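Reviewing the structure listed below.
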Amino acid sequence: LPLLKKAIKEKPDYWEAYNKSAFAKIKLKEYKEATKDLDKAEYYQAMNYETTKLKGINFYLAENFKESKTALDTALSIAKEEKIDDAELFYYRALLMFKGKGYKLALDACESAVDLNPKYIEPMVLKGEIRFAMKDYNYVIKELNTAIKLMPAEKPDYRAYQLRAKSKFEVKDFKGAVTDWNVYIDGIPGEEESMISRAAAKINMNDNSGAISDLDEAIKLNAKNPVSYCYRGVAKGGNKNFTEALKDINYAIKLKFDYGAAYLNRAAIKMASKDKRGACEDLEKADSLGDEMAINLIQQYCK
């Protein structure tokens, strides 16, 4: 930035230097200052493609989505007229469309970006995010498999592993989910949500002791999250430690009295410990709170 400032001082109409100065400020998240540079560049060179595209990116990152759309649409018009192929333009248009929940258009824009640059990882990961929002979990895994193969081993995009782990869980590939959570947690340790999510996958693999370890860590990070206690109670129940399991789920309900899933899971533990009456009372409560599984269990065990 000091060098660019010096260049602009020597040549005040040096619009390319204003663009580069804006680019540096965007990287530093100084969006207001970047806007000033881009306005200067536009003053000296109106309807310039690079300036217009940078304005669109700058507005998007500053969460001024209306202005971003206007600038990116204008940049696209200039690109068509001047026969400019720019994958980054399509990527930011895809981001904007995804933000507005225009999933089909966002996917099309991502495809255009990848067609122009087959090694452009960001739109590949974005395609995974869009597919996840659409609940197309198998497609998410497919998109992210390609993206992860292209990532440099020394600098992976951990977001992709997180998203693939969630998708694998949804398609019941619990072992694969744990493997991806391992990579994510090694790269970004200390996140409560990721510890809970890995624990949930471990419970489904009957690795209850591993799940308890993860949930112990999650509770250290946040001792007031009822989900952690509920899941830990389920894991302890899986290990047939019913007394400790009930303590955890009771505490989860204390933290969140309308926690339908906790009543459902407490019913399972009570049933396993031969307390049928208590189990059925919990199932009735879960049903009253809207838990979809409760009614079938009531009909099976309590009628």
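Note that the structure is a prediction, hence the values are computed from the model and not measured.
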Please find the pair of heavy atoms, one from [X] and one from [Y], that lie closest to each other, and give the distance.
{"X": "A147", "Y": "V125", "value": "CB-CG2, 4.1 Å"}
{"X": "R198", "Y": "N182", "value": "NH1-OD1, 2.8 Å"}
{"X": "G237", "Y": "A245", "value": "N-CB, 3.5 Å"}
{"X": "A201", "Y": "V178", "value": "CB-CG2, 3.6 Å"}
{"X": "M124", "Y": "L150", "value": "CE-CD1, 3.4 Å"}
{"X": "N204", "Y": "A200", "value": "ND2-O, 2.9 Å"}

From [X] [atom1] over to [Y] [atom2], what is the distance, rounded to the nearest 0.5 angstrom?
{"X": "Y120", "Y": "S112", "atom1": "OH", "atom2": "OG", "answer": "12.5 Å"}
{"X": "N48", "Y": "E42", "atom1": "CG", "atom2": "CD", "answer": "9.0 Å"}
{"X": "C302", "Y": "E281", "atom1": "SG", "atom2": "CD", "answer": "9.5 Å"}
{"X": "M151", "Y": "L144", "atom1": "CE", "atom2": "CG", "answer": "7.0 Å"}
{"X": "T51", "Y": "K40", "atom1": "OG1", "atom2": "NZ", "answer": "13.5 Å"}
{"X": "L215", "Y": "M195", "atom1": "CG", "atom2": "CE", "answer": "8.0 Å"}

Take a 6.0 Å sphere around [atom1] of [X] and say whether it holds more than 12 heavy atoms from other residues, nucleotides or ligands.
{"X": "Y44", "atom1": "OH", "result": "yes"}
{"X": "F23", "atom1": "CZ", "result": "no"}
{"X": "Y231", "atom1": "OH", "result": "no"}
{"X": "M293", "atom1": "CE", "result": "no"}
{"X": "K25", "atom1": "NZ", "result": "yes"}
{"X": "E292", "atom1": "CD", "result": "no"}
{"X": "K11", "atom1": "NZ", "result": "yes"}

Is it true that a side-chain atom of [X] and a backbone atom of [Y] form a donor plus acceptor pair closer than 3.5 Å?
{"X": "S68", "Y": "N64", "answer": "no"}
{"X": "D157", "Y": "R159", "answer": "yes"}
{"X": "Y259", "Y": "K254", "answer": "no"}
{"X": "Y229", "Y": "A223", "answer": "yes"}
{"X": "D136", "Y": "Y139", "answer": "no"}
{"X": "N58", "Y": "Y31", "answer": "yes"}
{"X": "K276", "Y": "Y301", "answer": "yes"}
{"X": "S21", "Y": "A17", "answer": "no"}

| Do the two ring centres, one from Y184 and one from W181, sit under 6.0 Å apart? |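 Centroid separation for Y184 and W181: below 6.0 Å.
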| message | For F59 and F65, I'd like to know if the aromatic rings sit close, meaning centre-to-centre distance below 6.0 Å. | response |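 For F59 and F65, the ring centres are not under 6.0 Å apart.
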Is [Y] reachable from [X] through a run of I, L, V, M, F, W or Y residues, each pair having side-chain heavy atoms under 4.5 Å apart?
{"X": "L89", "Y": "L61", "result": "yes"}
{"X": "I188", "Y": "I185", "result": "yes"}
{"X": "L76", "Y": "L72", "result": "yes"}
{"X": "F90", "Y": "F98", "result": "yes"}

Would you indicate whether the side-chain heavy atoms of [Y] and [X] approach each other to under 4.5 Å?
{"X": "D248", "Y": "E244", "value": "no"}
{"X": "D37", "Y": "I8", "value": "no"}
{"X": "N239", "Y": "I212", "value": "yes"}
{"X": "Q45", "Y": "D13", "value": "no"}
{"X": "N19", "Y": "L38", "value": "yes"}
{"X": "M97", "Y": "L107", "value": "no"}
{"X": "L255", "Y": "Y251", "value": "yes"}
{"X": "Q299", "Y": "N296", "value": "yes"}

| task | Under the ring-ring contact (aromatic ring centres under 6.0 Å, His included) rule, collect the residues that match up with F174, sequence neighbours excluded. | result |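 F169.
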I'd like to know if [X] and [Y] make a salt bridge, using a cut-off of under 4.0 Å between side-chain N and carboxylate O.
{"X": "E170", "Y": "K135", "value": "no"}
{"X": "E111", "Y": "K127", "value": "yes"}
{"X": "D216", "Y": "K220", "value": "no"}
{"X": "K256", "Y": "D258", "value": "yes"}
{"X": "K285", "Y": "D287", "value": "no"}
{"X": "D180", "Y": "K166", "value": "no"}
{"X": "R232", "Y": "D214", "value": "no"}

[X]-[Y] side chain donor-acceptor pair, cut-off 3.5 Å:
{"X": "N138", "Y": "R131", "result": "no"}
{"X": "D86", "Y": "Y49", "result": "yes"}
{"X": "S228", "Y": "N222", "result": "no"}

| said: What verdict does the side-chain contact (heavy atoms from CB on, under 4.5 Å) test give for K36 and E33, after you've listed the backbone C-alpha separation in whole Å, the side-chain angles of each residue and the deciding distance to 0.1 Å? | reply: CA-CA 5 Å; K36 292 176 185 177; E33 293 303 311; 3.1 Å; yes
| Any residue meeting side-chain contact (heavy atoms from CB on, under 4.5 Å) with S213, in chain and number order, not counting sequence neighbours |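 Once residues adjacent in sequence are excluded, S213 has no partner under the side-chain contact (heavy atoms from CB on, under 4.5 Å) criterion.
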| request: Would you check, one step at a time, whether the test side-chain contact (heavy atoms from CB on, under 4.5 Å) holds for L246 with K270? | output: CA-CA 8 Å; L246 286 173; K270 286 180 177 179; 4.1 Å; yes
| task | Give the C-alpha distance, both sets of side-chain angles, the deciding distance and a yes or no for side-chain contact (heavy atoms from CB on, under 4.5 Å) between E16 and Y18. | result | CA-CA 5 Å; E16 294 98 329; Y18 281 112; over 6 Å; no
